[in-house]
Each structure stands twice: as structure tokens, then as C-alpha cells.
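Okay, structure first, notes after.
On a predicted model such as this, the values are computed, not experimentally measured, just so you know. Residues take their numbers from the sequence shown, with the count starting at 1.
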Amino acid sequence: MNRVERMHQLLTLELSPVSLNIDDESALHAGHAGAASGGGHYRIRMISERFDGLGKLGRHRLVYDCLREMMQ
């Protein structure tokens, strides 16, 4: 299973999204510090009822919590 597939699996299990799109933008960040250490750059667009009533920071925290095992 690749990274995008694993991210999709984790987010789906935890947040039951109505819509989920993950774009791997790692190639656009070649040469950046995160890319040098093997980290990737991803854009996630997701609609989930779990976001209802949350601000942008709260939504980000939910996503980061779901992906914690993949974050360095």
C-alpha cells in the first residue's frame, strides 16, 4: 500500500468523509528540507460531517490526529 492509499484508509476510517481527494505534490517540493528527509507533501480536500462546527485549525487537528502514525 502506498502513502496516498494509507492516508485515504486512515482518514476514511476515522472521519467517514463524504468526499476525499488526496494529491501527492511531493515533486513540486523537491529540494525543500522536508523532501530531503523523505517526507512528502500532500494536498487533501475533504468533506466530512465531523468538521461541522469546527474552524480551520480544528479541522486540521482532526486530520493530523488521524495521520499521526505517518507524520515525522
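Taking the side-chain contact (heavy atoms from CB on, under 4.5 Å) definition, one finds that R43 meets it with D23, E25, R45, sequence neighbours left out. Applying the side-chain contact (heavy atoms from CB on, under 4.5 Å) rule to E49 yields the partners D52; only residues at least two apart in sequence or on another chain are considered. Residues passing the side-chain contact (heavy atoms from CB on, under 4.5 Å) test with F51, sequence neighbours excluded: L15, M46, S48, R59, L62, V63. In this structure, the side-chain contact (heavy atoms from CB on, under 4.5 Å) partners of D24, at least two apart in sequence or on a different chain, are V4, S26, Y42. Applying the salt bridge (Lys or Arg N to Asp or Glu O under 4.0 Å) criterion to E69, with sequence neighbours excluded, gives R6.
Listed by first and then second residue, the salt bridge (charged side-chain N to carboxylate O under 4.0 Å, His left out) pairs that reach into residues 8-22 come to none, sequence neighbours excluded.
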Exercise. Decide side chain to side chain contact (heavy atoms under 4.5 Å, CB included) for I44 and N21; before the verdict, give the C-alpha distance in whole Å, the side-chain angles of both, and the deciding distance to 0.1 Å.
Key: CA-CA 6 Å; I44 298 173; N21 187 32; over 6 Å; no

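Of the inter-residue distances, the one linking I22 atom CD1 with M7 atom CE reads 5.0 Å to the nearest 0.5 angstrom. Taken to the nearest 0.5 Å, the CE atom of M70 stands 6.5 Å off from the CG atom of L67. To the nearest 0.5 Å, atoms CD (Q9) and CG (L20) are separated by 12.0 Å. With rounding to the nearest 0.5 Å, the separation of CG in L11 from CZ in R50 is 11.0 Å.
With side-chain heavy atoms closer than 4.5 Å counting as contact, directly or through intermediates, the hydrophobic cluster containing I47 also holds V18.
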